[in-house]
Amino acid sequence: MTDSFTVMVMKSIKRPADQLIQRLVKRLLRLQNANGSWSLYSDEEGGNLSATIQAYSALLISGLFTRNDEEMKRAEQFILHNGGLAQAHFMTKMMLAVNGLYSYPGYFYFPMTYYLLPPSFPLSLYHCSNYARVHLTPMIICMNKKFSIQHDIDRSFFTENPHDQWFRSDRENWSSYFIDTMKDIALTPLHLHKAGYKSAKKLILDRIEANGTLYSYASSTFYMVYALLALGYRTHSAAIIKAAKGIEDYAMESSHGLHIQNSPSTVWDTALLSYSLQEAGMNAAHPVIIKSTKYLLGKQQFKRGDWAVNAPNAKGGGWGFSETNSFIPDHDDTSAALRALSRRSKQDDGVKKAWIQGKQYLLDMQNKDGGWGAFEKNAYQSILAHLPIENAKDALIDNSTSDLTGRVLEFLGNYGNEQINSPPIKKSCNWLLEQQLPNGSWYGKWGVCYIYGTWAAMTGLRAVGIPRNHKQIMKGVLWLESIQQPDGGWGESCKSAEKEEYIPLPFSTPSQTAWAVDALLSVRNPDAPSIQKGIQYLLQNENNKSEYPTGLGLPGGFYIHYGSYNDLFPLLALGHYRKKVEEAEKQ
């Protein structure tokens with residue numbers, strides 16, 4: 001997605017980026033399947049329709065390919081045989097539309113007075129996720145203004161298959177309340193709609209990071225460029241040039257060639273790697289740890305961003321995901337950074353102060369149901385999950401999730417001296433126990449998928465004092481052991497997120513094996529057969545550089561390969577295993 005959309009944006013604004021485009025196109029070609037499709041992960045059956053449409057469109061707009069090329073012909077056949085353009089993901093249709101390749105819905109107009117609503121309004125922007133906020137706002141501007149760029153290319157494949165189907169037909173009666181509310185908002189004077197456009201524009205401009213990207217994401221920045229053009233900006237304006245430069249700076253070398261990251265994970269990686277090294281025995285006074293500590297301290301955030309709307313009494317102190325992120329802390333990165341700083345906080349007063357502020361920020365961001373979401377507090381109006389667009393429940397609301405809640409509890413219990421006798425912790429445990437599925441697993445939203453969620457939930461519950469013989473903990477143990485692979489490892493398909501049920505891989509992955517082993521270590525003795533087999537898998541696959549994506553963005557649309565996961569999580573599990581063995585030997 002990011003590579004394809006980068007090509008389309010650079011051509012749209014006529015940026016002189018021929019070498020960049022050529023290198024991105026070269027990588028796209030290397031990833032095309034024999035049947036003409038592109039896939040999001042290796043075991044995706046047949047290929048992915050939206051990914052194929054994205055790549056096909058990028059190749060066409062690049063000017064380096066025409067419909068007559070064999071690669072394009074095969075892609076066209078795949079697209080047509082799998083439902084055509086109308087079955088593409090909403091975000092893909094949006095990118096086609098702004099590039100003149102897909103018709104806007106003639107009936108659609110989103111009332112811009114919506115952007116004048118106060119945050120307290122039940123369906124305001126602050127009752128949805130922050131990533132929905134910054135992706136949908138530019139899309140709405142473009143849709144309302146029917147904005148598109150007309151490229152000098154052969155558009156016949158798109159004109160031969162015209163369609164303006166945008167929304168999911170299975171949700172035509174999804175919510176009369178929401179529709180009626182939007183109609184009421186629309187019936188307001190014209191000058192208020194103009195004021196709404198100004199408010200929407202301000203929302204975008206106020207959330208541009210120093211590197212020119214919107215909210216530090218390439219994905220939202222793509223749509224922002226077109227929205228600014230729709231609002232009258234020129235292609236050579238400072239904001240658009242800076243946005244393009246910000247996207248270019250996200251380029252990295254992958255095994256298949258140059259790739260545009262959606263958001264570099266520098267802070268996340270640094271926190272996890274520093275922590276895993278310490279858990280494996282590296283002294284907190286080691287120069288590597290001191291250096292990473294200094295880096296993390298410099299990335300702690302106190303600027304009051306969107307998170308402050310629903311948590312006005314919180315003082316800040318969280319951490320974000322990427323190096324370019326300066327006002328978008330999230331709870332997973334915050335707990336990860338705090339784990340990495342925990343040992344140093346006992347040796348350095350400056351680190352201790354930052355650590356205390358970070359811990360308090362996490363406590364202040366607990367949702368009213370007892371859990372934690374990803375970015376904000378109580379940003380989940382459940383009705384928004386039923387909007388007729390793909391991934392509505394995944395992307396539009398920032399509700400409490402099992403994996404985030406478990407991860408926060410694990411930090412608070414093991415490093416923050418919080419236990420279940422504390423009312424907020426007890427409430428969180430009760431919520432998390434209620435989320436366990438009948439088979440004993442928990443669903444993870446940010447990792448693939450049931451193994452990830454079960455690891456986070458079990459280690460979190462155990463850290464705050466839930467006993468190892470608790471029936472739900474044991475149920476989780478039995479589930480993990482039941483899905484262990486013959487080679488001793490664990491492997492789960494990305495299809496699990498799409499099907500909403502556990503689907504095994506035909507092979508094990510280092511990161512998922514480490515999650516499962518770590519979860520079992522929180523309950524079982526280290527000599528348990530399942531743990532022994534898992535440890536043997538990790539030791540025998542030390543150099544496994546699997547590129548299977550075990551990070552999750554949007555089910556069926558966006559998966560993430562973290563290059564460090566195959567090293568740091570096995571290191572973490574092995575470090576915990578060694579500690580357990582040493583403890584057992586002392587008894």
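Side chains are part of it too, since the values below use all heavy atoms of this structure and drop only hydrogens, waters and symmetry mates.
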Would you say that [X] contacts [Y] through its side chain, given a criterion of any heavy-atom pair below 4.5 Å between the two side chains?
X      : Y      : value
Gln512 : Leu505 : yes
Val267 : Thr270 : no
Trp166 : Met94  : yes
Glu492 : Val448 : yes
Gln87  : Asn82  : no
Lys93  : Tyr104 : no
Asn130 : Trp307 : no
Leu96  : Ser57  : yes

Any pair with a residue in residues 13-36 that passes ring-ring contact (aromatic ring centres under 6.0 Å, His included), sequence neighbours left out, goes on the list, sorted by first then second residue, please.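 Qualifying pairs, neighbours excluded: none.
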
Dump the intermediate steps for ring pair (Phe, Tyr, Trp, His ring centres under 6.0 Å) on His193 and Tyr109, then the final yes or no. CA-CA 11 Å; His193 285 271; Tyr109 178 79; 5.7 Å; yes

Any donor-acceptor pair under 3.5 Å linking the side chain of [X] with the backbone of [Y]?
X      : Y      : value
Tyr380 : Ser129 : no
Gln301 : Asn325 : yes
Ser263 : Ser216 : yes
Arg155 : Gly100 : yes
Ser50  : His89  : yes
Asp3   : His259 : no
Asn144 : Ile141 : no
Asn544 : Ser546 : yes
Thr221 : Ala243 : no
Thr159 : Ser156 : yes

Return yes if a side-chain donor-acceptor contact under 3.5 Å exists between Ser219 and Asn262, otherwise no.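 Note: Ser219 and Asn262 side chains meet the donor-acceptor criterion.
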
Looking just at side-chain N and O atoms, do Ser124 and His127 make a donor-acceptor pair shorter than 3.5 Å?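 Indeed, the side chains of Ser124 and His127 share at least one donor-acceptor pair under 3.5 Å.
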
Among all residues two or more places apart in sequence or in another chain, which pass the side-chain hydrogen bond (donor to acceptor under 3.5 Å, both in side chains) test with Lys299?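 Testing Lys299 for side-chain hydrogen bond (donor to acceptor under 3.5 Å, both in side chains), a comparison that skips the adjacent residues, returns none.
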
So, Tyr502 versus Tyr450, ring centres under 6.0 angstrom or not?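 No, the ring centres sit 6.0 Å or more apart.
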
What are the two closest heavy atoms between [X] and [Y], and how far apart are they?
X      : Y      : answer
Ser220 : Leu214 : OG-O, 2.7 Å
Lys545 : Asn566 : C-ND2, 3.7 Å
Pro138 : His135 : CD-O, 3.4 Å
Ile503 : Ser496 : N-OG, 2.8 Å
Gly47  : Ser37  : CA-OG, 3.4 Å
Asp269 : Ser564 : OD1-OG, 3.2 Å

In terms of relative ring orientation, are Phe321 and Trp268 parallel, tilted or perpendicular, with 30° and 60° separating the classes?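 Phe321 and Trp268: tilted rings.
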
What do the steps show when you test Thr550 against Ser511 for side-chain hydrogen bond (donor to acceptor under 3.5 Å, both in side chains), and what is the final call? CA-CA 7 Å; Thr550 57; Ser511 57; 3.1 Å; yes

Step by step, work out the side-chain contact (heavy atoms from CB on, under 4.5 Å) result for Leu60 and Phe65. CA-CA 5 Å; Leu60 192 65; Phe65 286 82; 6.0 Å; no

Report the C-alpha separation of Glu76 and Glu160 in whole Å, then their side-chain angles, then the decisive distance to 0.1 Å, and conclude whether the side-chain contact (heavy atoms from CB on, under 4.5 Å) test is met. CA-CA 12 Å; Glu76 287 184 7; Glu160 289 167 5; over 6 Å; no

Could you check Thr324 against Asp249 for side-chain contact (heavy atoms from CB on, under 4.5 Å), going step by step and ending with a plain yes or no? CA-CA 10 Å; Thr324 55; Asp249 287 346; over 6 Å; no

Under the criterion side-chain contact (heavy atoms from CB on, under 4.5 Å), I'd like the reasoning laid out for Gln261 against Ile560: C-alpha separation, chi angles, the key distance, then a yes or no. CA-CA 10 Å; Gln261 301 170 88; Ile560 308 166; over 6 Å; no

Just jot down the ring pair (Phe, Tyr, Trp, His ring centres under 6.0 Å) partners of [X], sequence neighbours excluded, or say none.
X      : answer
Tyr250 : none
Phe507 : Tyr548
Phe78  : none

Pair Asp333 + Arg407: basic N to acidic O under 4.0 Å: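 Looking at Arg407 together with Asp333, the answer is no, because their closest N to O distance does not fall below 4.0 Å.
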
Let me know which of Thr52, Asn33, Asn48 forms a side-chain hydrogen bond (donor to acceptor under 3.5 Å, both in side chains) with Ser39.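 Among Thr52, Asn33, Asn48, the one that satisfies the side-chain hydrogen bond (donor to acceptor under 3.5 Å, both in side chains) with Ser39 is Asn33.
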
For residues 222-240, which side-chain N or O atoms pair as donor and acceptor with protein atoms under 3.5 Å away, sequence neighbours left out?
unit_1, atom_1, unit_2, atom_2, d
Tyr223, OH, Met91, O, 2.9
Tyr226, OH, Met8, O, 3.4
Tyr226, OH, Ser12, OG, 2.8
Tyr226, OH, Asn99, OD1, 3.3
Tyr226, OH, Asn99, ND2, 3.2
Ser237, OG, Arg234, O, 3.0

Does the pair Phe121 and Tyr114 meet the rule for a ring pair (Phe, Tyr, Trp, His ring centres under 6.0 Å), with working shown? CA-CA 10 Å; Phe121 187 79; Tyr114 176 76; 7.4 Å; no

